[in-house]
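For the numbers below, each heavy atom of this structure counts, side chains included, while hydrogens, waters and symmetry mates do not. We count residues from 1, following the sequence as given. Model, not experiment: these values are computed from the prediction.
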Amino acid sequence: MGSTPAKRITSIKDIAQLAGCSIATVSKTLNNTGSISQELREKIFKICKEQNYMPNSGGRNLRRGKSEIVGLLFYPSCAAIFSNVYYAKIMEPLEATMDQRGYDLLLTGFDLADSPDTPPRFMRQGKVDGVILLGGFPRDIVTRLVSYGVPMLHLDSHRDKIKIDNITSDGYNASEQVVEHLVGLGHRRILFIAHNDEATNTDQREAGFLNAVEQHKLPKTLCTSMRDFADRHESYEAIQKRMQSSKPPTAIFCVNDTIALQTIEDLQADGYKVPEDVSVFGFNDDSDSIKSRPTISTVRVDKQNLGKMGAESILHRINNPDAPIQSIRLPVELIHRESVASPKA
């Protein structure tokens, strides 16, 4: 005789029996509501996956008035995400956590720069339960998107005085730590380099740098922020002029690792040695920091935690639309590598 086929899992009652909990607990877990422990939540999702159990989302969504989809916007268009190493690393845990909670993440090719006064189609047609704004956005566009009344999160950026949940790394404190480290090595002539984009992360990192210059009583004429540049060529032209001056910088603090890598390559092409002639510090701990020769000292942003917390935050807002606005700043860590040393005597 053939073996008896395994019983097919057809209801949350079966899942509850396997998980050793109540039907209500399974229902709350699948609907992402209520206060369920992380351990039990993961156990229930694991059982559902092992048993190939698929809840009837169509009927449930009609009853709940939800789509179980969260839209994601990137400025000016989501297409730019795929060429950005930093945000690709945030997307992985963001999407994985959404999937664990039973939600899909929907990217759109909508170009906000071309259509600043028109909401994306998934917002106009009510296809999403919430929206994540990933990275820097102009203030007027954030204000307009928030006005549509859809649950929203600004991830890895924020705009002051706009009522929207936001999560960023603590760039201000990180920059203070970088300057303190450089001063401890003996540096007194430090440049801060960034491009002229409208970005909260850049603003915070610059503000932390300038405050640290003040606190350590460094010469302000020799420790300046330079961010009026559209591209690599313009920024290095400015660095060249400072390097050729009578009191050249002994350290350059770049707003991200990509600019740090480019700066090192351009300095080396001009015959300068890093860190013997000038130290270079980056930010983000991207793959660029390891590719460089020398490897780049940098600030590590926990991109895994940033993505995971982003997913948790938007789902909390969807299920608790009247909750107080949350502003979260994640701590960072300085990573010391080969591109920084004490200045020449």
Side-chain angles (χ1 to χ4, degrees), residues 80 83-89 135-136 171 174-175 178-179 181-183 185-199 201-206 208-210 212-213 218-301 334-345:
S83 60
N84 189 305
V85 175
Y86 176 77
Y87 285 112
K89 290 293 184 180
S175 288
V178 170
V179 173
H181 174 70
L182 293 173
V183 168
L185 292 175
H187 292 277
R188 294 296 182 273
R189 303 194 297 269
I190 308 167
L191 295 184
F192 177 85
I193 298 293
H195 290 165
N196 61 358
D197 52 347
E198 185 185 357
N201 280 337
T202 301
D203 293 343
Q204 291 298 308
R205 295 170 191 182
E206 179 188 42
F209 167 80
L210 293 174
V213 168
L218 300 176
K220 293 180 182 179
T221 56
L222 302 176
C223 295
T224 57
S225 169
M226 304 197 303
R227 57 180 290 191
D228 297 328
F229 315 116
D231 54 35
R232 171 180 185 170
H233 176 71
E234 287 185 7
S235 64
Y236 189 64
E237 274 190 345
I239 292 172
Q240 271 183 319
K241 290 180 181 179
R242 295 295 289 267
M243 293 298 296
Q244 294 166 3
S245 67
S246 60
K247 293 183 177 180
T250 60
I252 300 173
F253 177 23
C254 300
V255 74
N256 59 47
D257 290 333
T258 299
I259 294 178
L261 174 61
Q262 293 170 351
T263 299
I264 288 174
E265 291 175 344
D266 290 337
L267 285 166
Q268 290 172 334
D270 257 357
Y272 296 103
K273 294 181 179 180
V274 178
E276 292 85 352
D277 296 322
V278 59
S279 293
V280 177
F281 216 105
F283 209 113
N284 290 340
D285 194 27
D286 295 334
S287 57
D288 285 338
S289 63
I290 298 297
K291 292 177 184 175
S292 175
R293 293 295 177 269
T295 54
I296 300 173
S297 293
T298 186
V299 177
R300 176 170 293 164
V301 175
L334 267 60
I335 304 298
H336 303 294
R337 297 196 179 109
E338 301 168 343
S339 66
V340 172
S342 296
K344 290 180 179 179

If only atom types and distance count, is the side chain of [X] paired as donor or acceptor with the main-chain N or O of [Y] below 3.5 Å?
X	Y	result
Ser339	Ser297	yes
Arg189	Cys223	no
Gln240	Ser235	no
Thr250	Pro343	no
Ser279	Ala251	no
Arg205	Val255	yes

If I take atom [atom1] from residue [X] and atom [atom2] from residue [Y], how far apart are they, to the nearest 0.5 angstrom?
X	Y	atom1	atom2	result
Ser292	Gln268	OG	CD	6.5 Å
Asp288	Thr295	CG	OG1	12.5 Å
Phe209	Ile193	CZ	CD1	9.0 Å
Lys273	Ile264	NZ	CD1	15.5 Å
Met226	Asn196	CE	CG	13.0 Å
Phe281	Ile252	CZ	CD1	13.5 Å

4.5 Å side-chain heavy-atom contact, Phe192 and Leu210: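 Heavy-atom side-chain distance check fails, nothing below 4.5 Å.
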Heavy-atom side-chain contact between Pro248 and Val278 under 4.5 Å: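 A side-chain contact under 4.5 Å is absent here.
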Under the salt bridge (Lys or Arg N to Asp or Glu O under 4.0 Å) test, residues paired with Lys241 that sit two or more places apart: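 Not a single residue meets the salt bridge (Lys or Arg N to Asp or Glu O under 4.0 Å) criterion with Lys241.
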Contacts of type salt bridge (Lys or Arg N to Asp or Glu O under 4.0 Å), residue Arg227, not counting sequence neighbours: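 Arg227: salt bridge (Lys or Arg N to Asp or Glu O under 4.0 Å) contacts with Asp203, Glu206.
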Non-hydrogen atoms of [X] and [Y] that approach each other most closely:
X	Y	value
Ala260	Gly282	CB-CA, 3.9 Å
Glu234	Phe229	OE1-CA, 3.5 Å
Arg293	Lys291	NH1-O, 3.4 Å
Phe253	Ser175	CE2-OG, 3.4 Å
Arg242	Thr221	NH2-O, 3.5 Å
Val85	Ser287	CG1-OG, 3.7 Å

Ring centre gap for His181 and His187 strictly below 6.0 Å: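 No, the ring of His181 stays outside the 6.0 Å limit from the ring of His187, centre to centre.
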Pairing residues for Ser289 by the side-chain contact (heavy atoms from CB on, under 4.5 Å) criterion, not counting sequence neighbours: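 Result, side-chain contact (heavy atoms from CB on, under 4.5 Å) vs Ser289: Asp257, Asp285, Ile296, Thr298, Arg337.
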Working for side chain to side chain contact (heavy atoms under 4.5 Å, CB included), residues Glu265 and Leu261: CA-CA 6 Å; Glu265 291 175 344; Leu261 174 61; 3.7 Å; yes
Derivation and outcome, side chain to side chain contact (heavy atoms under 4.5 Å, CB included), residues Ile190 and Leu218: CA-CA 9 Å; Ile190 308 167; Leu218 300 176; 4.1 Å; yes
Pair Tyr272, Asp266: side-chain N/O donor-acceptor within cut-off below 3.5 Å: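 The criterion, which ignores hydrogens and geometry beyond distance, is not satisfied for Asp266 and Tyr272.
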Side chains of Thr263 and Arg232, donor plus acceptor under 3.5 Å: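 Checked: Thr263/Arg232 side chains show no N/O donor-acceptor pair below 3.5 Å.
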Stepwise side chain to side chain contact (heavy atoms under 4.5 Å, CB included) check, Val178 with Phe283: CA-CA 10 Å; Val178 170; Phe283 209 113; 5.5 Å; no
Audit row: Asn284, Val299, side chain to side chain contact (heavy atoms under 4.5 Å, CB included) steps and yes/no: CA-CA 5 Å; Asn284 290 340; Val299 177; over 6 Å; no
